[in-house]
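First up is the structure itself, then whatever we jot down about it.
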Amino acid sequence: MKSNKLILLITLLLPVFYVQAQKTEQILIETQHTALILKAGENGRIYQSYLGERFARTADYQKLPQGQEAYITGGMEDQFQPAIRITHTDTNPSLELLYDHSEVNNPEGNVRETIIVLKDPKYPVTVKLHYQAYVQQDVIKSWTEIINGEKGKIILQDYASSMLHFNAASYWLTHFNGDWAAEMKMQETKLTSGIKEIDSKLGTRAAMYQSPLFLLSLNGQVNENNAEVIAGTLAWTGNFRFHFEIDPNNSLRVVSGINSYASAYQLAAGKTFTTPVFIFTYSAHGSGQASRNLHQWARNYSVMDGNGSRLVLLNNWETTNMHFDEEKLVSMFGDVNKIGADLFLLDDGWFGNKYPRSSDNAGLGDWQPTRTKLPHGIGNLITKAEAAGTKFGIWMEPEMVNPSSELYEKHQDWILKLPNRAENLYRNQLTLDLTNPEVKAFVLKTMDDLITKNPGLAFIKWDCNRLMTNTWSPYLKDKQSNLFVDYVHALYDIFRQLRQKHPDLPMMLCSGGGARIDYEAMKYFTEFWPSDNTDGLERVYMQWGYSMFYPSIAVAAHVTSWGKQSLKFRTEVAMMGKLGYDIDVSKMSADEVAFSKQAVGHYKRLSSTIWKGDLYRLISPYAENRAVLMYVDSTKSKAVVFNYNLNIREREVVGRVKLQGLAPEKQYQVKEINQMPGATAILPNNGATYSGELLMKIGLDLNSWHLKPLTSSVIEITDI
Ligand code: GLA
């Protein structure tokens, strides 16, 4: 009897203990070197207690202060930017989120997911915070689900993917701005009290002025090896916003997500809204380590075929523009072999009959080969390319339409434009309304037919040459403020469905250069086009910027006739990315062709180190008149150093370059490769052997007697 009473008492008390334990529990999100610690407070809300280097003893986390609320809601007592702000069906503009429970999926695996479920005590709205920790790569992905359990629609006014809090003495933000042909310019600024926002309102081609990427350095300016850095990026190809706000206590909140500008999202009863993913890595060892974390993560989890191989291509855009015919193209197939490349990429200008695409003011939307230019169609070109020993790829811009097109004549209702105002053309074109399922199906079918009917097709370049202005969807009617978001969801859905049907076809993501690159899209693409500007000098800076976030296997870099540098310089800049060509081979001298073929050969031998190795950025072009960077393979047995003298002055004094990432105990042969026929290496004692320790402590003299502007060298390092 006595024991029965005890059991009853325990049974009655248990749920209480359970709830209480739950209510104040700590939630540990850890990777190899990083910890994000959340805590449920006594008031039932959830707090961020810590983000930083992982502690050796988990017990120490118990002594952390409570911190700031992790996902602050609008309409309540907080006085700064909320992570979420909604209007309920009854127009009430407030939200309180209390901790319900958390779940952990795959706790022993490399990808561990924690889901924190929060509920409003007054309204049936549930918010789930997702944190996916990639343990080996020290990367955390976070996103939010918002579930509308109300009887009517709710309006999502703000709906961040992530909110993070920092408490440091000072904060330094590096962001990446640009324009067409001027992408990825790095700017660092000290954050001061109040707000700094990096955002986009362009709809498509959304990253043209600002890229959805940032580095945040704590307690001092960013540097490659010693700073405390967070590198963050939003996997979203539309409007984004990073909000940095310092409050009177010098605490910084970083709110990342879709830009709510003109996008108060109507969420119907019973529906769930899932935000895009915010990806970040924390590094106590500078931006170099942050980049290496992201590269490794991206290759394994977020770039299509990120650990695979890539083709060296020859594009015709810079040589022919839209002025070509079958004969011209067939003559260029032979050029692919001459330089040792693998694939011919036919660019813009091959389609349209009633309105042939002979300039950028006609044809978009009519995806039939122009009979006057290509009387035997695409299939015949593929056959001829294969006969010449090369693969064949093609350019598409399927989201767009020119007013001079049959598509425009037939389907006014498929186009994004204001019904009662003048059309605002950008590059003479308009955007199709992907929110309309019929239009979405058209775009998908256009792509699918092209690929299915041409089974030999080996590559696609998917372009997007305008941003949105004067935007209105005939389909969305009274839900216009869902347009920017629904467009992107539809686009990703097209990518996803296309990939289900054609899982292996290599595809390049392009947007008038590099105006649309993000890690959600890159799941479906094998590479991206960083910029139409292929001037070697400009590309050193741009590719440096891109390298902060993207692995070189994804960063297309072509040798073209832009820029006044030598062919060697332009080639060696392109070799630090995913090498390709867009140059008139028929105009090259015999020596230039021989050099190019040799360079492609070197590249193919070294590409696995360049694509999959660890990147060490040794000398920044932002700091000196030169740039040096190196890739080291995972076994530290092979490395490649790229050395570029930029606008360097004669007799400018530069130091030796200390290498990084090698094994100190190994012996390495150090050899400069890739000279023009008849030229000699500039590296003193070319081919000599040194220990890894010496190379890292004393370094290499890369320039001593050859300090000329716009020169370059490539050094191959092999353990012996
Ligand atoms: C964009 C691309 C270029 C080229 C042209 C074709 O500008 O960035 O590489 O494909 O379109 O119109």
Side-chain angles (χ1 to χ4, degrees), residues 178-184 202 204-209 211 237 313-324 328-329 332 343-352 355-367 369-370 373-374 392-405 425-431 447 450 459-467 506-518 521 525-535 538-539 542-543 546 554-563 570 574 577-584:
D179 200 343
W180 177 77
E183 289 85 344
M184 285 300 272
L202 307 179
T204 47
R205 201 172 168 172
M208 189 164 76
Y209 301 136
S211 287
T237 216
L313 62 81
L314 173 66
N315 195 351
N316 70 315
W317 177 244
E318 296 291 335
T319 304
T320 66
N321 201 272
M322 298 184 199
H323 313 298
F324 53 80
K328 174 68 190 165
L329 297 181
M332 291 182 81
L343 179 132
F344 180 83
L345 172 61
L346 172 58
D347 215 284
D348 194 357
W350 59 267
F351 48 88
Y355 301 97
R357 179 91 168 154
S358 43
S359 81
D360 64 18
N361 62 7
L364 285 175
D366 300 348
W367 298 105
T370 308
K373 277 183 182 171
L374 306 173
F392 183 89
I394 203 162
W395 178 97
M396 290 289 289
E397 195 180 359
E399 296 155 74
M400 298 291 161
V401 61
N402 283 122
S404 295
S405 71
L425 300 182
Y426 186 99
R427 208 195 190 208
N428 303 306
Q429 64 196 59
L430 293 161
T431 310
M447 295 305 299
L450 177 77
F459 190 87
I460 290 206
K461 175 176 176 183
W462 182 308
D463 210 339
C464 164
N465 275 304
R466 78 155 287 161
L467 42 90
M507 291 210 296
M508 175 198 274
L509 182 63
C510 175
S511 182
R516 174 154 92 177
I517 302 154
D518 69 278
F525 288 83
T526 42
E527 61 190 84
F528 66 80
W529 185 231
S531 176
D532 283 347
N533 189 341
T534 42
D535 177 300
E538 296 299 322
R539 275 296 186 116
M542 272 181 215
Q543 291 171 207
Y546 280 112
V555 186
H558 293 179
V559 181
T560 74
S561 299
W562 286 51
R570 285 176 282 138
K578 191 246 129 183
L579 175 68
Y581 286 81
D582 194 351
I583 197 165
D584 193 345

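Residues: numbered from 1 along the sequence shown. Each ligand, and each atom within it, is numbered from 1 in the order the structure gives.
Listed by chain and number, the residues in a side-chain contact (heavy atoms from CB on, under 4.5 Å) with Asn533 are Ala181, Ser531, Asp535, Glu538, Met542, Trp562 (sequence neighbours excluded). The side-chain contact (heavy atoms from CB on, under 4.5 Å) search around Pro356 returns Thr370, not counting sequence neighbours. With sequence neighbours excluded, the residues that form a side-chain contact (heavy atoms from CB on, under 4.5 Å) with Leu425 are Pro403, Glu423, Leu430.
The side-chain heavy atoms of Met400 and Tyr426, taken from C-beta on, include no pair separated by under 4.5 Å.
Protein residues with a heavy atom closer than 4.0 Å to ligand 1 are Trp317, Asp347, Asp348, Trp395, Arg427, Lys461, Asp463, Asn465, Cys510, Gly512, Gly513, Trp529, Asp532, listed by chain and number.
By the 6.0 Å and 45° rule, Arg516 does not stack over the aromatic ring of Trp180.
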Report the C-alpha distance between Asn361 and Ser359 in whole Å, list the side-chain angles of each, state the deciding distance to 0.1 Å, and finish with yes or no for side chain to side chain donor-acceptor pair (under 3.5 Å). CA-CA 6 Å; Asn361 62 7; Ser359 81; 2.7 Å; yes

